[in-house]
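Read the structure below first, then the notes.
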Amino acid sequence: MPDVMSSSRLVGVGVGPGDPELVTVKGVNALRAADVVVVPVMDTGEVGRAEATVVHYVPQEKILRVVFALNERSDRSRREAAWDAAGERVAELLRTHGSVAFATIGDPNVYSTFTYLAHTIGELVPDVVVETVPGITAMQDLAARSGAVLTEGTEPLTLVPVTAGAAVLKDALAGPGTVVAYKFGRQAAEVAEALRETGRIEDAVWGSALGLDGESIRSAAELDGAALPYLSTLIAPARRDGSRGGKL
């Protein structure tokens, strides 16, 4: 058994939006170096997107599913209990292994479950070393696949989780820069309305299941109010006049 107080290490590894080829070399090395790779799931029988990516680089027997209340927003007590249980499980792993990697889709420092896990582990195993390995985000992948330019010159970039409400998105769209919306699938109708009201629907693009078999990338003008996959991503580029370097 390792000396937990001096050697335990928890590493949050961003594994990108789903395409296994978008895991960085550093991310692959971190996954392979860990004794155990934890992947978050909502149910132990589920193969989540993180696991589906990780399995390309590490053997299945090294991967451990840990249940998190990933989409629980209405019942705080249930969410807190789930986080506590998941934290206890990972703390137990850290007491018996030298290093544990936590694979998260996207980046571990951008709207990631890893943030909550690291906070919990910091209280349960105070001397553990916590590190992160950055990952490619869905907005970067969607920009590359759709040809949308995220920023030019002095343009700001605003990232909004639509779980905060469509009103927050509308406020962002009223501004001058590019707006990216995450997790907007269940509020697709409200998002389309906000885009139309702010005159930004024609240039906007949305995508889901990027790099996977069910990939869908379409113009936001095609949004018809039907619900989309939860992890859909939207890019509404800044208003531009078409000149080169116009925002410098």
Side-chain angles (χ1 to χ4, degrees), residues 1-18 20 22-73 75-138 159 161 182-183 231:
M1 181 179 298
D3 180 359
V4 173
M5 294 302 177
S6 63
S7 62
S8 285
R9 188 177 302 271
L10 175 65
V11 185
V13 181
V15 296
L22 292 181
V23 184
T24 67
V25 174
K26 187 169 185 175
V28 171
N29 289 340
L31 293 171
R32 289 176 173 168
D35 297 318
V36 179
V37 177
V38 170
V39 292
V41 293
M42 290 184 288
D43 180 271
T44 53
E46 171 196 22
V47 177
R49 192 175 296 191
E51 179 178 351
T53 304
V54 168
V55 76
H56 287 266
Y57 298 106
V58 298
Q60 187 70 56
E61 59 268 21
K62 188 175 174 177
I63 301 171
L64 179 68
R65 297 171 189 166
V66 174
V67 176
F68 286 80
L70 296 171
N71 294 342
E72 180 58 67
R73 296 184 181 278
D75 189 334
R76 180 169 181 173
S77 61
R78 180 180 179 276
R79 183 178 68 234
E80 295 281 353
W83 285 346
D84 288 343
E88 289 284 0
R89 183 71 182 95
V90 175
E92 178 185 336
L93 292 171
L94 287 165
R95 295 183 186 107
T96 56
H97 296 84
S99 62
V100 174
F102 180 91
T104 178
I105 59 173
D107 182 276
N109 294 304
V110 180
Y111 299 128
S112 171
T113 305
F114 181 74
T115 302
Y116 313 123
L117 175 64
H119 180 84
T120 304
I121 292 299
E123 295 178 343
L124 295 174
V125 191
D127 294 309
V128 68
V129 176
V130 178
E131 301 175 347
T132 58
V133 177
I136 292 173
T137 61
L159 175 59
Y182 273 3
K183 305 176 183 179
L231 291 177

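What you see is a predicted model; the values in this text were computed from it and never measured.
To the nearest 0.5 Å, atom CG of residue Leu231 and atom OH of residue Tyr182 are 10.0 Å apart. For the atom pair His97 NE2 and Arg9 CZ, the distance stands at 16.0 Å (nearest 0.5 Å). With values rounded to the nearest 0.5 angstrom, Leu93 atom CG is found 11.5 Å from Glu88 atom CD.
No side-chain heavy atom of Leu10 sits less than 4.5 Å from a side-chain heavy atom of Val125. Two residues are said to be in side-chain contact when any heavy atoms from C-beta on lie closer than 4.5 Å; Val133 and Val11 meet this criterion. The shortest side-chain heavy-atom distance between Arg65 and Val47 falls under the 4.5 Å cut-off. The shortest distance between side-chain heavy atoms of Val66 and Phe102 does not fall below 4.5 Å.
Remark: of the listed residues Leu31, Val100, Val15, Val55, Leu31 is the sole one forming a side chain to side chain contact (heavy atoms under 4.5 Å, CB included) with Val37.
The heavy-atom pair separating Gly18 from Thr53 by the smallest distance is O-OG1, 3.5 Å. Nearest heavy-atom pair, Ala50 versus Ile105, reported as atom, atom and distance to 0.1 Å: N-CG2, 3.7 Å. Between Pro108 and Pro134, the shortest heavy-atom contact is CD-CA, 4.2 Å. Listed here is the closest heavy atom pair of Ala103 and Pro40: O-CD, 3.2 Å.
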Val130 vs Phe114, side chain to side chain contact (heavy atoms under 4.5 Å, CB included): CA-CA, chis, key distance, verdict: CA-CA 10 Å; Val130 178; Phe114 181 74; 3.8 Å; yes
Residue pair Val38, Arg89: steps toward the side chain to side chain contact (heavy atoms under 4.5 Å, CB included) verdict: CA-CA 10 Å; Val38 170; Arg89 183 71 182 95; over 6 Å; no
Working for side chain to side chain contact (heavy atoms under 4.5 Å, CB included), residues Thr113 and Thr104: CA-CA 7 Å; Thr113 305; Thr104 178; 5.5 Å; no
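Not counting sequence neighbours, Tyr57 has no partner by the ring pair (Phe, Tyr, Trp, His ring centres under 6.0 Å) test.
Side-chain atoms of Arg49 come within 3.5 Å of backbone N or O of Pro17 as a donor-acceptor pair.
Residue pairs meeting the salt bridge (Lys or Arg N to Asp or Glu O under 4.0 Å) criterion with at least one partner in residues 25-42, sequence neighbours excluded, are absent.
Within 6.0 Å of OH in Tyr116 there are 12 or fewer heavy atoms belonging to other residues, nucleotides or ligands.
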